[in-house]
Amino acid sequence: GLLCMTWDKLVRLTISARTKMGMEAHSLVPGCGATVDFARFEARYWPHLRARARQLPTLLVWAEFNTRLRSFSGTDLKLKEYLKEELAAVGVRLDREDRQVLHSLFDEYSRMKRVRRELDDVDVALLVKRHAPRASVQEVYIDEAQDFSPVELSVLFGLCADPDGATVAGDTCQTINPGSSFSFHDIVEAFCLHGGEGCEKTSTASSGEQ
């Protein structure tokens, strides 16, 4: 059969399954369901980080936190690894000091989240990845991929029993997610990491990538 759902519904189903197993829902989301999106980051975290940010734009910092500094596997990049990156997630070039500052800001942001017992979307995706059943569907179709984080896409790839059964559609010109740095190159890399062998990319004149 065909099952259609949003990312938020998958998260809720995962929480519900854990609750039925006798595990509290808030053990998955310690912030009682509230996640740190861009608006919350800008209002509650950025005022404490801005002074050390070397006038880096808020959106650039947010994009680095959710993409470059956390890969498709969800692991945090060490400073030595991050310093090898010359381009920011949004495509601008960063000097070495910018990258050192961004890595330090990310460490502080992570510490603040732990103290406040809050999670952002990437943290939630990592928990879903840990607890959602793997290889539970034969094929997966992902639409509006430009609004997913790398880790969220990795979770969805992991649900597919056939590594070549994933179809991804997106348009870089239509993102509604602040700080999104959607790239089909990154998706192909993640696809290969999950064992996929064949990849076909198509584009249209009216969109950036599909």
Side-chain angles (χ1 to χ4, degrees), residues 7 35-50 52-113 118-126 128-129 142-157 168-194 199 201 203 207-210:
W7 169 258
T35 57
V36 183
D37 57 11
F38 177 70
R40 192 175 184 88
F41 171 77
E42 190 173 36
R44 298 197 58 187
Y45 288 80
W46 187 240
H48 301 277
L49 301 173
R50 184 190 295 115
R52 297 165 48 197
R54 298 189 72 210
Q55 298 185 331
L56 291 167
T58 317
L59 275 174
L60 182 150
V61 174
W62 178 247
E64 290 298 287
F65 285 4
N66 286 281
T67 53
R68 286 290 187 265
L69 283 159
R70 287 186 282 191
S71 64
F72 273 95
S73 66
T75 56
D76 297 348
L77 281 187
K78 302 294 185 183
L79 177 59
K80 183 178 180 180
E81 297 173 296
Y82 184 55
L83 288 176
K84 297 176 183 178
E85 301 281 348
E86 293 187 357
L87 289 180
V90 295
V92 301
R93 192 168 299 278
L94 299 170
D95 62 32
R96 184 181 180 87
E97 189 171 353
D98 282 336
R99 283 172 279 150
Q100 288 175 325
V101 167
L102 281 163
H103 197 277
S104 176
L105 291 175
F106 179 68
D107 285 343
E108 177 61 14
Y109 167 64
S110 300
R111 186 197 67 79
M112 291 172 68
K113 282 189 301 175
E118 294 182 344
L119 302 179
D120 59 22
D121 290 335
V122 175
D123 298 322
V124 172
L126 287 171
V128 172
K129 184 177 183 179
I142 306 167
D143 196 13
E144 306 295 353
Q146 72 275 3
D147 292 317
F148 287 84
S149 72
V151 178
E152 288 170 343
L153 289 171
S154 180
V155 171
L156 295 172
F157 288 158
V168 180
D171 187 337
T172 55
C173 298
Q174 293 184 2
T175 182
I176 60 172
N177 187 12
S180 172
S181 60
F182 175 75
S183 164
F184 267 100
H185 172 77
D186 292 338
I187 289 179
V188 171
E189 181 179 342
F191 176 76
C192 293
L193 287 174
H194 281 269
C199 179
K201 172 184 170 182
S203 63
S207 64
E209 294 181 86
Q210 270 193 350

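We use all heavy atoms of the structure for the numbers below, so side chains are in, but hydrogens, waters and symmetry mates are not.
Here the shortest heavy-atom pairing between Phe148 and Asp143 reads CE1-O, 3.4 Å. Contact between Val36 and Arg40 at its shortest, heavy atoms only, is CA-CD, 3.8 Å. Among all heavy-atom pairs drawn from Val168 and Ala145, the shortest one is CG1-CB, 3.3 Å.
Put simply, CH2 on Trp7 and CD on Glu152 are 5.0 Å apart, with the number rounded to the nearest 0.5 Å. Rounding to the nearest 0.5 Å gives a distance of 10.5 Å between OG1 of Thr75 and CG of Leu69. To the nearest 0.5 Å, atom CG of residue Leu59 and atom CD of residue Glu42 are 7.5 Å apart. Distance check: Asn66 CG to Asp37 CG gives 10.5 Å after rounding to the nearest 0.5 Å. Put simply, CG on Asp120 and CZ on Phe65 are 10.0 Å apart, with the number rounded to the nearest 0.5 Å. Here the straight-line distance linking atom CG of Leu60 with atom CG of Leu102 works out to 6.5 Å at 0.5 Å rounding.
Here Arg70 pairs with Asp123 in a salt bridge; the nearest charged N to carboxylate O distance falls below 4.0 Å.
For residues 98-108, the salt bridge (Lys or Arg N to Asp or Glu O under 4.0 Å) pairs, not counting sequence neighbours, are Arg54-Asp98, Glu108-Arg111.
Under a 3.5 Å cut-off, the side chain of Ser110 and the backbone N or O of Phe106 do form a donor-acceptor pair.
Using bins of under 30°, 30° to 60° and over 60° for the plane-to-plane angle, the ring pair Trp62/Phe41 lands in the tilted bin.
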Enumerate, atom names and distances included, each donor-acceptor pair closer than 3.5 Å involving a side-chain atom of residues 77-92, sequence neighbours excluded.
unit_1: Glu81; atom_1: OE1; unit_2: Lys78; atom_2: N; d: 3.0
unit_1: Tyr82; atom_1: OH; unit_2: Glu64; atom_2: OE1; d: 2.4
unit_1: Glu86; atom_1: OE1; unit_2: Arg93; atom_2: NH1; d: 2.7

